[in-house]
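Keep in mind that what you see is a predicted model, and the values were worked out from it rather than measured.
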Amino acid sequence: GPPPTNCPYRHSLLGGVFATGLRSVIAEPRITEEAVRQSFESAGRIALHRLERYLNTLGTIAAAAPLLGLFGTVIGMIEIFGSQAPTSGGAANPQMLAHGISIALYNTAFGLMIAIPALMFYRYFRGRVDEYLLTMELATERLVPHLMRFAVRTPPVHASSAETVA
């Protein structure tokens, strides 16, 4: 079940993973090492999901922002060239054209202003999540032998002792 509110691991993902392994040994004293590792792995997947919960959104913003800026630029350029009067004999006002192009390029600049920091933060947090996951994996790997000392080991049944009983 969920940890009580006064437990020290309730604010720590690593502590929650450790507690899951400890609870599995307490709940089943005859637990195998494979089952302890499996409980750590399941708890680790849940912790990883919590760590990555906002990374997809940040990655999507980083990928979509320059495309939205480019889209705005293209729409702006279409509007600029569409607003030129075809009846003027091809003579466009260069000042209006330059102003329209500069406004269209602002769209690209704004898209990049959003995309570049978003990508930087995405990569930074992706690295932090990977680092934390590695720390969690190594720590749980070191904890398994210590937890297995508390597990009750049943002696293996030999074929000769099984024959004497029958």
With distance as the sole criterion, is a donor-acceptor pair present between the side chains of Y132 and R128 under 3.5 Å? no
Answer yes or no: are there more than 12 heavy-atom neighbours, outside R123 itself, under 6.0 Å from its atom CZ? no
Report, as yes or no, whether the 6.0 Å neighbourhood of atom CD on E79 holds more than 12 heavy atoms from other residues, nucleotides or ligands. no
For S39 versus V36, what's the shortest heavy-atom pair and its separation? OG-O, 2.8 Å
Does a salt bridge link E41 with R37, judged by any charged N lying under 4.0 Å from a carboxylate O? no
For atom CE of M120, decide whether the heavy atoms of other residues, nucleotides or ligands shown that lie under 6.0 angstrom number more than 12. no
In terms of hydrophobic clustering (I, L, V, M, F, W, Y; side-chain heavy atoms under 4.5 Å; direct or indirect links), are L97 and I103 co-clustered? no
Give the minimum heavy-atom separation between P66 and A115, together with the two atoms involved. CD-CB, 3.2 Å
Check the pair L105, I101 against side-chain contact (heavy atoms from CB on, under 4.5 Å), reporting the backbone distance first and the verdict last. CA-CA 6 Å; L105 290 176; I101 290 173; 4.0 Å; yes
Between CG of L51 and CZ of R126, what distance do you get to the nearest 0.5 Å? 9.0 Å
L68, F121: one ILVMFWY side-chain cluster at the under-4.5 Å cut-off? no
If hydrophobic clusters are built from ILVMFWY residues whose side chains come within less than 4.5 Å, do Y124 and L48 share one? yes
With the 4.5 Å side-chain cut-off for hydrophobic clustering, are L22 and V17 part of the same group? yes
Starting from F40, can I reach M148 by hopping between I/L/V/M/F/W/Y residues whose side chains sit under 4.5 Å apart? yes
